[in-house]
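Note sheet for the following structure.
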Amino acid sequence: MRYYETMFVVKPTLTEEERLNQVKWATEIISKNGGEVAGIGDAGVRQLAYTIRKPQKFERGHYFVLYFTGEPQTVQELERQMRYNEDILRFMTVKYETKRDIQRWEQMVQNVQ
């Protein structure tokens, strides 16, 4: 199993329930593909670095971070599904490989719980 962190930004116009459904949707994809979610972080609504037009103009977004373990196929499927989800503006996945990185990952997971 490998250690991953996926940060994604959803539209700020979504209701609280819709935002939580997006997080639940992403965690279900990870679980169905053999991964295990270790922690979920909610960074709240923040200003975007640049305006995103999808199809309307967004200058802010609601940020979420998922910490999980899994295989490369898990990440591929998660990113494939996120590309087609119109409510997700942007996403990025980071893989933690070295012992030092994995220790940092474990600290971040403890901080979000």
Side-chain angles (χ1 to χ4, degrees):
M1 291 292 226
R2 297 186 178 134
Y3 297 82
Y4 296 99
E5 168 189 328
T6 296
M7 184 277 307
F8 63 100
V9 183
V10 297
K11 293 178 179 178
T13 56
L14 298 178
T15 65
E16 182 68 25
E17 182 180 339
E18 291 171 328
R19 286 192 297 265
L20 294 177
N21 284 339
Q22 291 299 317
V23 174
K24 182 180 175 187
W25 170 81
T27 57
E28 286 174 356
I29 292 172
I30 293 168
S31 298
K32 287 179 185 176
N33 289 283
E36 184 178 326
V37 177
I40 302 169
D42 182 350
V45 177
R46 296 181 178 209
Q47 186 75 24
L48 299 172
Y50 55 89
T51 302
I52 297 175
R53 290 183 173 87
K54 193 177 179 176
Q56 62 202 86
K57 200 159 85 169
F58 292 102
E59 295 179 353
R60 300 178 69 76
H62 197 110
Y63 285 70
F64 290 99
V65 181
L66 297 175
Y67 298 99
F68 64 98
T69 58
E71 298 300 326
Q73 299 85 345
T74 306
V75 176
Q76 289 173 349
E77 181 61 19
L78 177 64
E79 290 184 346
R80 185 183 76 77
Q81 294 282 341
M82 285 186 166
R83 268 187 210 96
Y84 296 114
N85 188 329
E86 293 183 7
D87 292 329
I88 296 178
L89 301 175
R90 291 288 184 269
F91 62 90
M92 180 178 78
T93 301
V94 177
K95 179 171 81 171
Y96 292 87
E97 295 183 279
T98 65
K99 283 185 178 181
R100 185 176 181 182
D101 289 344
I102 293 170
Q103 288 174 345
R104 180 69 181 133
W105 180 89
E106 290 169 348
Q107 289 174 350
M108 290 186 290
V109 169
Q110 290 175 355
N111 290 338
V112 298
Q113 293 179 346

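Numbers here are sequence positions counted from 1. Given the structure is predicted, the values throughout are model-derived calculations rather than measurements.
Residues Thr93 and Met7 form no side-chain contact, since every pair of their non-hydrogen atoms from C-beta on lies 4.5 Å or further apart. A heavy-atom distance below 4.5 Å is not found between the side chains of Val65 and Ile40. Taking 4.5 Å as the limit, every side-chain heavy atom of Tyr4 sits out of range of all side-chain heavy atoms of Leu66. For the pair Arg60/Arg46, no side-chain contact is recorded, criterion being any heavy-atom separation below 4.5 Å from C-beta on. Considering only heavy atoms from C-beta on, Gln22 stays 4.5 Å or farther from Lys24 through its side chain. When side chains are defined from C-beta on, Leu48 counts as touching Val9, because their heavy atoms get closer than 4.5 Å. Taking 4.5 Å as the limit, some side-chain heavy atom of Trp25 sits within range of a side-chain heavy atom of Asn85. Contact annotation: the side chain of Glu5 approaches that of Met108 to within less than 4.5 Å [non-hydrogen atoms, C-beta and beyond].
If you chain together hydrophobic residues whose side chains sit under 4.5 Å apart, Leu14 and Met82 fall into the same group. When the side chains of ILVMFWY residues are joined at heavy-atom separations under 4.5 Å, either directly or via intervening members, Met1 and Val109 end up in two distinct hydrophobic clusters. Residues Val112 and Val45 are members of separate hydrophobic clusters, defined by side-chain heavy-atom contacts under 4.5 angstrom among Ile, Leu, Val, Met, Phe, Trp and Tyr.
Taking both residues in full, the closest heavy atoms of Pro72 and Arg2 are given as CG-NH1, 2.6 Å, listed atom of the first, atom of the second, then distance. When all heavy atoms of Pro12 and Gly61 are compared, the pair lying nearest together is CD-CA, 4.1 Å.
Of the possible donor and acceptor atoms, none in the side chain of Glu79 sits under 3.5 Å from a partner among the backbone N and O of Gln76. At least one donor-acceptor pair under 3.5 Å links the side chain of Thr74 to the backbone N or O of Asn33.
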Check the pair Thr6 / Phe64 against side chain to side chain contact (heavy atoms under 4.5 Å, CB included), numbers first and verdict last.
CA-CA 8 Å; Thr6 296; Phe64 290 99; over 6 Å; no

Quick one, Val94 with Met92, criterion side chain to side chain contact (heavy atoms under 4.5 Å, CB included). Give me CA distance, side-chain angles, the key distance, then yes/no.
CA-CA 7 Å; Val94 177; Met92 180 178 78; 4.1 Å; yes

Run Glu17 and Arg19 through salt bridge (Lys or Arg N to Asp or Glu O under 4.0 Å) and show every step you take.
CA-CA 5 Å; Glu17 182 180 339; Arg19 286 192 297 265; over 6 Å; no

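Atom CD of Gln107 and atom CZ of Arg104 lie 5.5 Å apart (nearest 0.5 Å). The distance from the CD atom of Glu18 to the OG1 atom of Thr13 is 8.0 Å, given to the nearest 0.5 Å. A distance of 8.0 Å separates CG in Asp42 from CG in Leu20, rounded to the nearest 0.5 Å. Rounding to the nearest 0.5 Å gives a distance of 10.5 Å between CD of Glu16 and CG of Asn21. Once rounded to the nearest 0.5 Å, the distance linking CD1 of Ile102 with OH of Tyr96 reads 11.0 Å. Here the straight-line distance linking atom OH of Tyr67 with atom CH2 of Trp105 works out to 9.5 Å at 0.5 Å rounding.
Within a 6.0 Å radius of CD in Gln47, other residues, nucleotides and ligands contribute more than 12 heavy atoms.
A salt bridge links Lys95 with Glu97; the closest basic N to acidic carboxylate O contact falls under 4.0 Å.
Every side chain to side chain contact (heavy atoms under 4.5 Å, CB included) that Gln56 has, sequence neighbours left out, goes to Phe58.
Using modelled atom types and a 3.5 Å distance limit, the side chains of Glu77 and Gln81 yield a donor-acceptor pair.
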